[in-house]
S.K.: 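Okay, here's the structure, questions in a sec.
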There are 2 protein chains.
Amino acid sequence: MTWPDLAPDDPFGVHNLPYGAFDAGPQPGDGGGGRAALGVRLGEDVINLSAAEERGLIEAQGALMAGGTLNRFLDLGRGAWISVRRQLIDLVTDPGRRDDVTRLLVPLDEVRLRLPFDVGDYVDFYSSEHHATNVGRIFRPNQPQLPPSWKHLPIGYHGRAGTVIVSGTPIVRPCGQRPSADVPEPTYGPSQRLDVEAEVGFVVGRRTDLGTRVSTEDFAEHVFGVVLVNDWSARDIQAFEYQPLGPFLGKSFATSVSAWVVPLDALEHARVPAPEQDPPVLDYLREADRHTYDLALQVRWNNTVVSRPSFRGLYWTPAQQLAHLTVNGASLRVGDLYASGTVSGPDRDQTGSFLELTWGGAEPIVLADGSSRQFLEDGDTVTISATAPGPGGASVGFGQVSGTIKPAH
Amino acid sequence: MTWPDLAPDDPFGVHNLPYGAFDAGPQPGDGGGGRAALGVRLGEDVINLSAAEERGLIEAQGALMAGGTLNRFLDLGRGAWISVRRQLIDLVTDPGRRDDVTRLLVPLDEVRLRLPFDVGDYVDFYSSEHHATNVGRIFRPNQPQLPPSWKHLPIGYHGRAGTVIVSGTPIVRPCGQRPSADVPEPTYGPSQRLDVEAEVGFVVGRRTDLGTRVSTEDFAEHVFGVVLVNDWSARDIQAFEYQPLGPFLGKSFATSVSAWVVPLDALEHARVPAPEQDPPVLDYLREADRHTYDLALQVRWNNTVVSRPSFRGLYWTPAQQLAHLTVNGASLRVGDLYASGTVSGPDRDQTGSFLELTWGGAEPIVLADGSSRQFLEDGDTVTISATAPGPGGASVGFGQVSGTIKPAH
């Protein structure tokens, strides 16, 4: 169904309205290249927000009209985020403006979705206790399962912002140095242990000055919305390189994000208490209103759903991650992205990486077509999707994050 | 002396011509805010390049006229870099155009220098064998001094691009979680082991596509020039957080760079053979013309020169670092910055960090005023400078990178 006949519980109904950027095909006067328009998803359509502002139907200080990416709009701050969301809801629920809305709609299958925001810095955390424990057991079997600092702070590191790409972009299998079981020297070639990491990412919409910090209470002033993230990982390259400075080429070849940014304001019904923490955390990580979001993820490997990780069980919340990220005075820029780290639950079919799902390749998984897998093969497609509770029994849909593996060059 | 009376061996003579960006004070019509102009340093003056292009004295497709940062100019590619350098040399050496040049000059002490380029991604390597060995001995005394992969690949990681700042910006002492010798739990507070890392950074001027790589031969097609870098480091915060994902808050509060980018083309006389490598490296790291640059660094702690590290001894060259950074298909953007890692030589007074200079604080150093230091105190100023051989006995000067420590908030 399409608007105005959307089912009340459509995951992309009026209660959601996630933001993105798209090419709507060649437009008159754009010389064939075309500048991306900004849009909001409504059912199986996109509302052209740039056109909406041009036509005076939405007012956002010209930031939507400008097109390109969401950064100019985000930079207007939370007041404008709330105002534009309210204007949008008014617009699409006003029977007197149906013709206006209809003229703004573009079918989703006729547009090419683009990276919705210019990424400032990209930070990846490591906030799932199940994931960190599993990785410890697989990679460092003779050491304590959790690193000593794990329960004191949300461990994180910087990834490569320039290789954050939008869902649907092909993933070329990376080459690099891999350890060899047979010879003492590393060998060079395509990764043989190519993996996924199903994560949830948070998009910063408000900058801060160098030398200042963001408290856990101010989370919603600074974070605009949520994307799904696949932090593709070459486990063999990572294993050889990561001591002592952390992951580098094993991760930096590509990180995919969903094309739609779900605003925090669409997730009010998805707020849930976060797990208790023991030992108690230091003051700057305490939360007066400790909460997280009840996102149910699904990981599909070709045509088989192989895992259903739940975000709500993560030990460190997004507000704690942001407070930690800035406690040393590091400044934020509009478009900064920070991700949760792999979302894994306690059971094997709740793990967010294939490293865990196949236990380092030792226990291959059989897909629906009868083939078995340890890690990704060329031609494989992985799609991560998610839903969260919305108002009145509806769910909030997230844009999927999908990618297909191309052979190494 | 100032132009045209510069000494032939002035380190900022016509053989150097490093690029930067500056505020020249309020200009007519800029409303008091002012857009940065681009400039080139000549002796103790700055040539206003933006004005030069506006007046038709230099042609760079409007990229210099635009002001702001160097990124638009860099994006024109190596052909334009060579052409503008030649135009500049012609301009300042043509006796018939002395009045034109004079009208473009602004005394260096009347301008405020700005960050010369918008930083894409910032990568930091770990390429000094002496530094890596020293750090291994101090931090991991019971393990092999070099990590197993160290001689197979240039180890590196991503730092925070948004906190790369220009020389002269104050450094607020960061807070964070520090390990405690007395209690099992970490404590929170200002870093007590605040340190420097004297490094050399390379500025990427030519982008690449995702899934492609840059060979060692193509280094000079992609790298525009060189800056000095101080990668400020909070050793206590770093020590507690860095396992297993590498340095994060111990580094992300600030990384200072010099305000002047010395073009590679000014360093032709500084090219020297790089150290031999054993074991032999894999093919993608081999160099037909293996070389590095003979930069002599100097580290000044308040009024005392405490160290004179030499860049030429580093095990991994800038061309190898770039080839490694992209071997997995990671794309480059204009403005990407990658740094060498701490430059340390074999002797104590050649080390590029105070961690090494004071051997983890165990052997304090006495400054010229008689005070002693283990790590940085509030109010301390560190200034890193460098020179390299130029033509005919002249030297090539680098803009210094300097910062003063402010108390924690």
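What you see is a predicted model; the values in this text were computed from it and never measured. Residue numbers start from 1 in every chain, and the chains themselves are labelled A, B, ... in the order their sequence lines are given, proteins ahead of strands.
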S.K.: Rounded to the nearest 0.5 Å, what separates atom CG in Leu249(A) from atom NE2 in His324(B)?
M.R.: 4.0 Å
S.K.: Under 4.5 Å, counting heavy-atom pairs only, tell me which of Gly329(B), Pro244(B), Pro247(B) racks up the most with chain A.
M.R.: Pro244(B)
S.K.: Heavy-atom distances under 4.5 Å only: say whether Arg173(B) touches chain A with side chain, backbone, both or neither.
M.R.: neither
S.K.: If we ignore hydrogens and angles and just use 3.5 Å, is the side chain of Arg160(A) paired with the main-chain N or O of Ser331(B) as donor and acceptor?
M.R.: yes
S.K.: Below 4.5 Å, heavy-atom pairs only: which of Thr169(A), Val172(A), Leu282(A) has the largest tally toward chain B?
M.R.: Leu282(A)
S.K.: Is any side-chain heavy atom of Leu245(B) closer than 4.5 Å to a side-chain heavy atom of Tyr242(A)?
M.R.: no
S.K.: So which of Ala132(B), Gly211(B), Gly162(B), Ser191(B) has the largest heavy-atom pair count under 4.5 angstrom toward chain A?
M.R.: Gly162(B)
S.K.: Which one of Leu325(B), Ile237(B), Val119(B) has the most heavy-atom pairs closer than 4.5 Å to chain A?
M.R.: Leu325(B)
S.K.: Report the option among Gly246(A), Ala254(A), Pro279(A), Gly250(A) that has the most heavy-atom pairs separated by less than 4.5 Å from atoms of chain B.
M.R.: Gly246(A)
S.K.: Compute whether any side-chain donor of one residue and acceptor of the other, for Glu241(B) and Tyr157(A), lie under 3.5 angstrom apart.
M.R.: no
S.K.: Hey, are the side chains of Cys175(A) and Asn328(B) touching, using non-hydrogen atoms and a 4.5 Å cut-off?
M.R.: no
S.K.: I want to check something: taking the side chain as every heavy atom from C-beta on, are Ser252(A) and Val123(B) in contact at a cut-off of under 4.5 Å?
M.R.: no
S.K.: Measuring only between side-chain heavy atoms, which start at C-beta, is Ser149(A) closer than 4.5 Å to Gln243(B)?
M.R.: no
S.K.: Using a cut-off of under 4.5 Å for heavy-atom pairs, which of Gly136(B), Gly159(B), Gly120(B) has the most such pairs with chain A?
M.R.: Gly159(B)
S.K.: If I take atom CG from residue Leu210(A) and atom CD1 from residue Ile171(B), how far apart are they, to the nearest 0.5 angstrom?
M.R.: 7.5 Å
S.K.: Could you tell me which of Pro179(A), Ala234(A), Pro186(A) has the largest number of non-hydrogen atom pairs under 4.5 Å with chain B?
M.R.: Pro186(A)
S.K.: Give the member of Pro174(A), Gly176(A), Pro147(A), Ala161(A) that has the highest number of heavy-atom pairs under 4.5 Å with chain B.
M.R.: Ala161(A)
S.K.: Relative to chain A, which of Lys406(B), Lys251(B), Arg140(B) shows the most heavy atom pairs under 4.5 Å?
M.R.: Arg140(B)
S.K.: Between Ile165(B), Ile155(B), Leu332(B), who has the most heavy-atom pairs with chain A when the cutoff is under 4.5 Å?
M.R.: Ile155(B)
S.K.: Should Tyr188(A) and Val327(B) count as side-chain neighbours, where that means a heavy-atom distance under 4.5 Å?
M.R.: yes
S.K.: Is the His158(A) to Phe248(B) ring centre distance short of 6.0 Å?
M.R.: yes
S.K.: Could you tell me which portion of Leu146(A) (side chain, backbone, both or neither) has an atom closer than 4.5 angstrom to a non-hydrogen atom of chain B?
M.R.: neither
S.K.: Stepwise, does the side-chain contact (heavy atoms from CB on, under 4.5 Å) test hold for Gln177(B) with Tyr284(A)?
M.R.: CA-CA 10 Å; Gln177(B) 298 195 30; Tyr284(A) 79 91; 3.0 Å; yes
S.K.: Considering only heavy atoms, which portion of Asp283(B) lies under 4.5 Å from any heavy atom of chain A: side chain, backbone, both, or neither?
M.R.: neither
